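Because the structure is predicted, anything quoted here is derived from the model rather than measured.
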Amino acid sequence: MRIATWNVNSLKARLERVEEWLEYARPDVLCLQETKLADKNFPALAFSALGYESVHFGYNQWNGVAILSKVGIEDPANGFGKDVEDPYAEDARMLAATCGGIRVVSVYVPNGREVPSEFYDRKLAWFDRLAEWLEAHHGAKDPVVVTGDFNVAPEDRDVWSTAAFVGSTHVTEPERAAIKRLEHWGLVDTFRRMYDGENLYSYWDYRGGDFHQGRGMRIDLVLATEPVAERVTWAIVDRNARKGKQPSDHAPVVVDLRD
DNA sequence: ATGGTAGCCCTGCTA
């Protein structure tokens with residue numbers, strides 16, 4: 001089973017490339033972030049034509065998350081639950097569904113903008129709600145994958161230059177502690193377990209030729225509970241998808257599981 | 001030079 005995640009930075013602008021990539025990479029499950037669509041505009045038919053069922057959660061032209069699957073999509077659910085105050089309640093940033101026996105969660109963690117700021121505080125609060133939601137609804141022995149754009153580089157080796165990010169979001173101790181909390185609960189950074197090196201980035205700013213200069217960050221993660229993580233046989237960032245005409249600023253991250 | 005680009009969809013906001 002092949003699971004992938006991709007922040008597409010507008011599905012409207014990127015549909016052709018996503019279709020091409022699906023035919024090329026043939027994931028069983030693809031989690032999308034930043035579709036920038038309302039549900040009524042989600043191109044479910046285009047994915048259906050390629051053999052994918054899909055669910056989407058989006059209010060408007062900002063954020064928005066989706067899950068595509070060739071192995072079934074059961075019990076779709078979005079958000080943290082009706083009794084939980086979402087610090088980004090106006091946004092669509094979390095969608096779960098059961099695909100091929102795995103509870104798959106597509107997340108688009110708030111960016112945080114600046115440190116300090118109200119947005120940064122709400123990013124950290126959003127992480128707390130995510131951890132509480134996991135703790136309340138799942139156990140570490142359940143097959144769960146939480147994947148998407150976390151907008152955090154978990155370690156220094158996950159950024160091209162630590163000096164360039166002093167005082168910025170994505171690398172602060174509280175943000176990294178939020179990832180650690182998820183790991184402490186039982187999620188494994190599957191990609192990092194496979195590969196130890198640097199330069200394993202999944203995101204490069206559009207500006208300044210950052211991609212071609214190698215100035216990236218690893219912020220798109222595939223976190224999995226041990227029953228899933230132990231099945232991982234292979235993982236890759238498909239950097240070719242960051243090249244060519246009208247690329248997203250993120251590349252897809254792909255993880256293969258043995259049956 | 002407090003920069004740069006891309007996508008939202010109209011002009012400034014978000015990333």
Student: Quote, to the nearest angstrom, the P distance that separates B/dG12 from B/dA1.
Tutor: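 It works out to 25 Å between them.
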Student: Between A/Val145 and A/Val29, is any pair of side-chain heavy atoms under 4.5 Å apart?
Tutor: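 Contact flag for A/Val145/A/Val29 side chains = no.
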Student: With A/Tyr195, which residues qualify under side chain to side chain contact (heavy atoms under 4.5 Å, CB included), at least two apart?
Tutor: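 Result, side chain to side chain contact (heavy atoms under 4.5 Å, CB included) vs A/Tyr195: A/Phe191, A/Leu200, A/Trp234, A/Ala235.
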Student: If the C1' atom of B/dA6 is compared with that of B/dT11, how far apart are they to the nearest Å?
Tutor: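 It comes out at 15 Å once rounded to the nearest Å.
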Student: Does a donor on one side chain and an acceptor on the other come within less than 3.5 Å for A/Tyr59 and A/Glu90?
Tutor: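 Side-chain D/A pair, A/Tyr59 to A/Glu90: absent.
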Student: Pairs in or reaching into residues 228-246 of chain A: which pass salt bridge (charged side-chain N to carboxylate O under 4.0 Å, His left out), with residues at least two apart or in two chains?
Tutor: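 Output for this query is empty, none listed.
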Student: For B/dT5 and B/dC10, measure between their P atoms and round to the nearest Å.
Tutor: 24 Å
Student: Pick base, sugar-phosphate or nothing for A/Tyr108, based on heavy-atom distances below 4.0 Å to the nucleic acid.
Tutor: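 Counting heavy atoms under 4.0 Å across all strands, the contact made by A/Tyr108 is with sugar-phosphate only.
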Student: So, A/Asp28 and A/Lys70, do they make that salt bridge, N to O below 4.0 Å?
Tutor: no
Student: To the nearest angstrom, how far is A/Phe119 atom CZ from B/dT14 atom C1'?
Tutor: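 To the nearest whole Å, that distance equals 10 Å.
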Student: At a heavy-atom distance below 4.0 Å, what parts of residues 166-178 of chain A sit against DNA chain B?
Tutor: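 Nucleic-acid contacts, sorted: none.
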Student: Taking the side chain as every heavy atom from C-beta outward, state whether A/Arg193 and A/Val232 have any pair of such atoms under 4.5 Å apart.
Tutor: no
Student: Looking only at atom P, what distance separates B/dC8 and B/dG3, rounded to whole Å?
Tutor: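 So the two P atoms sit 23 Å from each other.
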Student: Once you round it to whole Å, what is the distance between P of B/dA15 and CG of A/Asp210?
Tutor: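 Checked: the CG to P distance equals 18 Å.
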Student: What is the distance, rounded to the nearest whole Å, between atom CG of A/Asn60 and atom C1' of B/dT14?
Tutor: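 Whole-Å distance recorded here is 12 Å.
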Student: Taking 4.0 angstrom as the limit, do A/Arg176 and A/Asp156 come out as a salt bridge?
Tutor: yes
Student: Give every donor-acceptor pair under 3.5 Å between a side-chain atom in residues 147-155 of chain A and any protein atom, sequence neighbours left out.
Tutor:
residue, atom, partner, partner atom, Å
A/Thr147, OG1, A/Leu221, O, 2.8
A/Asp149, OD1, A/Asn151, N, 3.0
A/Asp149, OD2, A/Asn7, ND2, 3.0
A/Asn151, OD1, A/His170, NE2, 2.9
A/Asn151, ND2, A/Val109, O, 2.8
A/Glu155, OE1, A/Arg157, NE, 3.0
A/Glu155, OE1, A/Arg157, NH2, 2.9

Student: Could you check whether A/Arg129 makes a cation-pi contact with A/Phe80, meaning its NZ or CZ is under 6.0 Å from the centre of the six-membered ring and within 45° of the ring axis?
Tutor: no
Student: Mind listing the residues from residues 154-161 of chain A sitting with a heavy atom below 4.0 Å of DNA chain B? Number order is fine.
Tutor: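 DNA chain B contact set from residues 154-161 of chain A: none.
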Student: Protein within reach of the bases, or only the backbone? For nucleotides 5-10 of chain B, mark each nucleotide 5' to 3' as B, S or -, using heavy atoms under 4.0 Å.
Tutor: BSBBS-
Student: Could you state the CD-P distance from A/Glu34 to B/dA15, rounded to the nearest angstrom?
Tutor: 7 Å
Student: With a 4.0 Å cut-off, would you call A/Arg192 and A/Asp158 a salt bridge?
Tutor: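 A salt bridge links A/Arg192 with A/Asp158.
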Student: For the pair A/Arg181 and A/Glu135, find out whether any cationic side-chain nitrogen is under 4.0 Å from an anionic carboxylate oxygen.
Tutor: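 Looking at A/Arg181 and A/Glu135, the cut-off is met.
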Student: With rounding to whole Å, what would you report as the distance between B/dA15 and B/dC9 at their P atoms?
Tutor: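 So the two P atoms sit 15 Å from each other.
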